[in-house]
Amino acid sequence: MSQILILLAIALYLIFVVIVGVFFSKKNNSTEDFYLGGRKLGPLVTAMSAEASDMSSWLLMGLPGVAYLSGIADAAWTAIGLAIGTYVNWLIVAKKIRTYSHGYNAVTLPDFFSKRFGGSKTITCIAALMIVIFFVPYTASGFAACGKLFASLFDIDYFTAMVISAAIIVCYCALGGFLAASTTDFIQSIVMSIALVVVVVFGVNIAGGLGAVVDNAKSLPGYLDFFNTYSSATNSSVPYSGLSIFSMLAWGLGYFGMPHILLRFMAIEDKNKLKLSRRVASVWVVISLTVAVFIGIVGLAMSKVGAIETLVGSNSETIIVKIAHLLSTYGPFAAIIAGIILAGILAATMSTADSQLLAAASSISQNLMKECFGVKMTEKMSLIVARITVVVISIIAVVLASNPNSSVFGIVSFAWAGFGATFGPVVLLSLFWRRANKYGAIAGMISGGIMIFLWKYVISGIAPVFAIYELLPSFIVAIIVNIVVSLLTKQPEKEVLDKFDELKRA
């Protein structure tokens, strides 16, 4: 009976998001509507849809899983870096990129880069290619989270569950475009918040109270230490170096290059309301990250008292699923609440996957096909191609996510680093440095993208000192290369500089 009620709650939620997609499909009359919602987002939708699309499934799966396994150091320093990055991004980037993108009439990030640097087709092609390279695996991580959710809860085949989830996301995303994605993201952020609160309250109660949770964590060497981690294999404390701390804080650098977040800034109706958006977004992020880390601690205490099984490896990412399943055994009402919690995980996944699909689709249909390869299409045909592209990218992502043992946290961290290093330096320099030119932007994106792969798969294995998050060294290399190449090559044309100065005064 409990599983039927859970399934009913989730099914109603899925039907609702599809209805939203159908509703907004009637409001898409152009590619600007489909990709940027006609720049009509209100401040609350801008704030919450940006953060919901940012947090993804790793907020409710990846982050609690890390805290469950090794304590607070890894998870907390990552959360602190993200909280700082969120606030700074809203503070210094949001208003400027709204002003500049509107002034250049740019509807995608590659489009903005191209027009900012004088209409370079090469920048458009490289930026679009980078988006496809890093967004496809990012989308795959969302599909994998959905598969894990349903497979662990209903004991059904992982691949089947993942395909069904992906089909729902594709349905409302391909129909409704940016407005559907942003509206559902806003709703999903509310569902995610409810899920976090209910899981904490229930989990603490089952574990024997807050005191029991804290006592259990204190009994494990290094578990509650910011400068040590806990090793369950040896039941001992492992030092957490200063380099590792800087490495985790570097997650915050990723915000400057996230296309799906930057698009929210570009789409707000009134740039003067971004201050309200910043405050709402920052408060929500700090609270949700803190609660997510605490859920990992609570979950371990629940395992200690035998309420849920002990989770190892990537299975730790199903901690909230296990807690929700336990809650569902406490009667019909509790089962419905459990269904809402699980819908929250689904919401976290969907809110990111839909935004990623749109950004990747715009890069292929708008930037690569129309601008790089010169394919001429009517407005109606552009919309059709955009929707087809969403479906094709989803199919590729499903194939990549076919392994049920893949780590959501691992996939997200790599894609996050990719965007942070390739686009972050270009975004910052394009908005704040008049002398930045197209040659520096191209060299910066390429060097950042190459360094991500080089550091992750080659350099990090050379010695322990290099075993840090690839975003930090790659971001530094990319911004240095961008600046050096810009200075060594001729400055931008007068028209480019005049346009920059005009928008700076706006």
Over 60° means perpendicular and under 30° means parallel, so tell me whether F112 and Y100 are parallel, tilted or perpendicular. perpendicular
Exercise. Check whether any side-chain N or O of R116 sits under 3.5 Å from a backbone N or O of S430 as a donor-acceptor pair, and report yes or no.
Key: yes
K456 charged N/C atom sitting above F414 aromatic ring, 6.0 Å / 45°: no
Smallest heavy-atom separation, S101 atom then M266 atom, equals OG-CG, 3.4 Å
Taking every heavy atom of S486 against every heavy atom of G440, the minimum-distance pair comes out as OG-CA, 3.4 Å
Is I452 close to Y457 at the side-chain level, that is, under 4.5 Å between some pair of heavy atoms?
no
Check against side-chain contact (heavy atoms from CB on, under 4.5 Å), N482 and M445:
CA-CA 8 Å; N482 200 322; M445 282 192 289; over 6 Å; no
Aromatic ring centroids of F423 and F113 under 6.0 Å?
yes
Here the gap from T86 atom OG1 to W251 atom CH2, rounded to the nearest 0.5 Å, amounts to 12.0 Å
- Query: Quick one: are K275 and R279 in side-chain contact, heavy atoms under 4.5 Å?
  - Reply: yes
Original post:
Quick one: does I80's side chain get under 4.5 Å of M248's, heavy atoms only?
Top reply: no
To the nearest 0.5 Å, atom CD1 of I84 lies from atom CG of L91 at 13.0 Å
Looking only at heavy atoms, the pair that brings A478 and G448 closest together is CB-CA, 3.8 Å
Correct closest heavy-atom pair for P492 and L497 would be O-CD1, 3.7 Å
Heavy-atom distance under 4.5 Å between the side chains of I245 and F227, does that happen here? yes
Interatomic distance, CG@L454 vs CD1@I459, rounded to 0.5 Å, equals 4.0 Å
| message | Between V293 and P64, is there a side-chain heavy-atom distance shorter than 4.5 Å? | response | no
Those residues at least two apart in sequence (or on a different chain) that pass salt bridge (charged side-chain N to carboxylate O under 4.0 Å, His left out) with K115 are D111
All heavy atoms of A250 vs all of L472, minimum pair found to be CB-CB, 3.7 Å
In this structure, OG of S114 is separated from CG of L109 (nearest 0.5 Å) by 11.5 Å
One should read off an interatomic distance between I295 CD1 and T290 OG1, to the nearest 0.5 angstrom, of 11.0 Å
Given the options Y255, F475, Y469, F256, W416 meets ring pair (Phe, Tyr, Trp, His ring centres under 6.0 Å) only with Y255
Check: If you measure only the distance, is there a donor-acceptor pair under 3.5 Å linking the side chains of T229 and D74?
Finding: no
Original post:
Does S282 reach the main-chain N or O of R278 with its side chain, forming a donor-acceptor pair under 3.5 Å?
Top reply: yes
Heavy-atom closest pair (A436 atom, L429 atom, distance to 0.1 Å) is CB-O, 3.9 Å
To the nearest 0.5 Å, atom CD1 of I446 lies from atom OG1 of T422 at 11.0 Å
Worksheet entry | Audit row: F432, K96, side-chain contact (heavy atoms from CB on, under 4.5 Å) steps and yes/no | CA-CA 9 Å; F432 293 97; K96 273 189 172 291; 3.4 Å; yes
Intermediate values then yes/no, side-chain contact (heavy atoms from CB on, under 4.5 Å), V197 and V291: CA-CA 8 Å; V197 172; V291 173; over 6 Å; no
Salt bridge (Lys or Arg N to Asp or Glu O under 4.0 Å) pairs touching residues 432-451, sequence neighbours excluded, are R434-D501
Exam field: side chain W77 to backbone F226, donor-acceptor pair closer than 3.5 Å = yes
Residues passing the salt bridge (charged side-chain N to carboxylate O under 4.0 Å, His left out) test with K494, sequence neighbours excluded, are D498
F117 side chain near I442 side chain, heavy-atom distance below 4.5 Å: no
- Indicate whether any N or O donor in one side chain lies under 3.5 Å from an N or O acceptor in the other, for S247 and S244. no
Quiz item: Do T99 and K271 come within less than 4.5 Å of each other through their side chains, counting heavy atoms only?
Solution: yes
### Query
Does L276 reach the side chain of V280, with side-chain heavy atoms less than 4.5 Å apart?
yes
Please check if the number of heavy atoms outside F246 that lie under 6.0 Å from its CZ is greater than 12. no
Next item on the list: Given side-chain contact (heavy atoms from CB on, under 4.5 Å), test V285 with Y87 step by step and report yes or no.
Entry: CA-CA 9 Å; V285 163; Y87 182 79; over 6 Å; no
Check the orientation of W455 and F466. Use parallel for under 30°, tilted for 30 to 60°, and perpendicular for over 60°. perpendicular
